[in-house]
Structure formats: C-alpha cells, structure tokens
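Single-structure report; data block below.
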Amino acid sequence: PSITPSPSPTITPTPLPPAACLRVNAAREEAEVVAVLSANTIEVKTTESRYFVRYLGVDLVGDGLAGLALNRTLVEGKIVTLIGDATDGGDPEYRLRYVMSGDIFVNYALVRQGTAMTALFPSIPECMDVFLAGEALAKSELAGFWGQQGATSLPPGVGTLAPACDCKVRYACTDFASQSDAQACYNACGDYRNSSLDPDHNGLACDE
C-alpha cells in the first residue's frame, strides 16, 4: 500500500526584537545616568567625561511629563549602554545615541508606550522603521498620549500610511497635486509631524 507522507510542519518565524536594528559593530560606551532632563535627554558620566545625550529617533509629545516619568523609571541612576549610528551631533558635550538599560531598548520603549514619538530630525536614524512601527502600535492601542487624545480626536486613518505618503518626510503643500492628497497624508502621519500642512491647526491640510 502507498504511504502518504506527513505534511511538513509550518514554522512561524520569531519576530525580531526591536533592538535588532542596532548595528553589531556600532560604537558602544557604558555610562552612568546622573540626571534625566526630559523624555529624550539625559546627562551621563563616564570615567573620562560628562556630557548630555539626546535619544536618537525620539521626540517629545504632549506636555512631555509622561515621557519624563517613564524615562526616569528606565534609566535614572543606572549604568546604561550608549550606542551610536551613522548620525552624530558633532558636539562632544551633546551626543545623539541609542540607549540600552539592561535588555530594554529605551528609545523604542518610550515610543511604543505612547510617551514619545518618532523624531525625523536632526536626521533619519537607522532604527526609524522600527520606531514608526512601534508608534503605529501605540496609536492603534491608544497608549499614553494617543489615549489622552481620545479616539475621536485623532484624524481618521492615523497610523495607516496613505499611498505615496512617507512619514519619514516633512511635506509641504506644493508636494501634492490636490488638497485631498495632502489631507490623506496629513491624516496618515498626523498634525504633530506635518504641521506645515495645517499651520492654523484646524484639521484641514492645505485648505488655503
């Protein structure tokens, strides 16, 4: 009698952790956090120097108090690992870094919990796509700031990219062929990121 082979088991790939976006060969330095200044800025000291660190890919949202509180919980008084990418501020007293506190990717945690948002400046960090994905999840769950806004306060479609709209880009009205195209991009990326499309903050993009 013929034997029917058993079907091969389906293997579901394990999602990569957010910190997988960090380059293995990136410059790393351990430092003690001596002050937490905001949701995205700390003061650290090493055996050789003392300086300020601005978190790569992280910007303030709302009044910044929830982000400040979470940042303090994650790093205050602790030894953290500072990791660079292709971006550096060029200022020895004020450096752009990713921050690991133990196994916690602090930059991502702030964005994922809705206490900060993805920064598009001073340049695009290597982990930008990871941060934007975490921000979209925070929005969909109405976490942190996004929950305070309330479901009715967020523009329709926030967190869902419109066709030909890239939330890594700061747009101007002249980038769009019509007001409806500008509105779709504004809705997708939010007033907080594309405020130039709605300078009077009435919820209508490029209405002038």
Side-chain angles (χ1 to χ4, degrees), residues 16-139 143-145 166-171 189-190 192-196:
L16 292 175
C21 64
L22 300 173
R23 288 184 295 121
V24 175
N25 61 346
R28 295 168 185 256
E29 182 178 34
E30 288 195 345
E32 179 186 351
V33 178
V34 295
V36 177
L37 307 179
S38 70
N40 64 353
T41 308
I42 56 177
E43 185 179 3
V44 303
K45 69 176 181 180
T46 68
T47 55
E48 299 178 351
S49 61
R50 183 168 177 149
Y51 54 89
F52 297 104
V53 170
R54 166 75 182 265
Y55 291 0
L56 273 165
V58 179
D59 203 359
L60 305 182
V61 67
D63 60 14
L65 295 180
L68 172 62
L70 178 58
N71 199 17
R72 282 177 171 160
T73 299
L74 296 175
V75 305
E76 191 167 43
K78 297 180 181 180
I79 303 296
V80 298
T81 302
L82 307 174
I83 305 167
D85 76 348
T87 301
D88 198 318
D91 183 345
E93 302 299 323
Y94 189 83
R95 307 179 192 182
L96 296 169
R97 295 290 186 268
Y98 298 116
V99 179
M100 293 293 299
S101 179
D103 294 330
I104 299 174
F105 188 6
V106 178
N107 308 51
Y108 177 81
L110 290 162
V111 172
R112 177 64 182 86
Q113 295 192 35
T115 62
M117 64 186 181
T118 308
L120 303 183
F121 58 88
S123 64
I124 303 299
E126 295 168 341
C127 289
M128 174 64 69
D129 290 339
V130 172
F131 292 161
L132 286 175
E135 183 180 299
L137 287 172
K139 288 177 183 175
F145 170 76
D166 184 349
C167 285
K168 299 176 187 176
V169 175
R170 287 177 175 269
Y171 290 100
C189 295
Y192 68 93
R193 180 163 293 128
N194 275 309
S195 58
S196 62

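Along the sequence shown, the residues carry numbers beginning at 1.
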*Do Tyr51 and Val44 touch side chain to side chain, with heavy atoms closer than 4.5 Å?*
yes

*asked:* Just to verify, what does Tyr55 make a ring-ring contact (aromatic ring centres under 6.0 Å, His included) with, not counting sequence neighbours?
replied: none

*Can you tell me how far CG of Leu74 sits from CZ of Arg72, rounded to the nearest 0.5 angstrom?*
12.5 Å

*Lys45, NZ: over 12 other non-hydrogen atoms inside 6.0 angstrom*: no

*Do you know the tightest heavy-atom contact between Ile104 and Ala109?*
CG2-CB, 4.2 Å

_Against Met100, only a single residue in Val80, Asn107, Ile83 fulfils side-chain contact (heavy atoms from CB on, under 4.5 Å); can you say which?_
Ile83

_Residues forming a ring-ring contact (aromatic ring centres under 6.0 Å, His included) with Phe131, sequence neighbours excluded_ = Phe105

For residues 32-39, tabulate all N or O donor-acceptor pairs below 3.5 Å that involve a side-chain atom, not counting sequence neighbours.
| residue | atom | partner | partner atom | Å |
| --- | --- | --- | --- | --- |
| Ser38 | OG | Asn40 | N | 3.2 |
| Ser38 | OG | Asn40 | OD1 | 2.9 |
| Ser38 | OG | Thr41 | N | 3.2 |
| Ser38 | OG | Thr41 | OG1 | 3.4 |

*asked:* If you compare all heavy atoms of Asp59 against all heavy atoms of Ala116, which two are closest, and at what distance to 0.1 Å?
replied: O-CB, 3.4 Å

_Tyr108 side chain near Cys127 side chain, heavy-atom distance below 4.5 Å_ = no

*Say you draw a straight line from CD1 of Ile42 to NZ of Lys78; how long is it, rounded to the nearest 0.5 Å?*
12.0 Å

Run the side-chain donor-acceptor check on residues 19-28: report pairs under 3.5 Å with partners two or more places apart or on a different chain.
| residue | atom | partner | partner atom | Å |
| --- | --- | --- | --- | --- |
| Arg23 | NE | Glu126 | OE1 | 3.1 |
| Arg23 | NE | Glu126 | OE2 | 3.0 |
| Arg23 | NH1 | Asn25 | OD1 | 3.3 |
| Arg28 | NH2 | Arg23 | O | 3.3 |

_I want to check something: taking the side chain as every heavy atom from C-beta on, are Arg95 and Leu56 in contact at a cut-off of under 4.5 Å?_
no

*Residues which pass salt bridge (charged side-chain N to carboxylate O under 4.0 Å, His left out) with Glu29, listed by chain and number, not counting sequence neighbours*: none

_Residues Leu82, Val99; criterion side-chain contact (heavy atoms from CB on, under 4.5 Å); working and verdict_ = CA-CA 5 Å; Leu82 307 174; Val99 179; 3.9 Å; yes

_Among residues at least two apart in sequence or on other chains, which ones pass side-chain hydrogen bond (donor to acceptor under 3.5 Å, both in side chains) with Glu30?_
none

*Gap between atom CE of Met117 and atom CG of Leu110 - 0.5 Å precision*: 13.0 Å

_Distance (rounded to the nearest 0.5 Å) between Phe145 CZ and Thr115 OG1_ = 11.5 Å

*Can you check whether Val75's main-chain N or O pairs, donor with acceptor, with Ser101's side chain at less than 3.5 Å?*
no

*Distance-only, no hydrogens or angles: does the Lys139 side chain make a donor-acceptor pair with backbone N or O of Gly114 under 3.5 Å?*
no

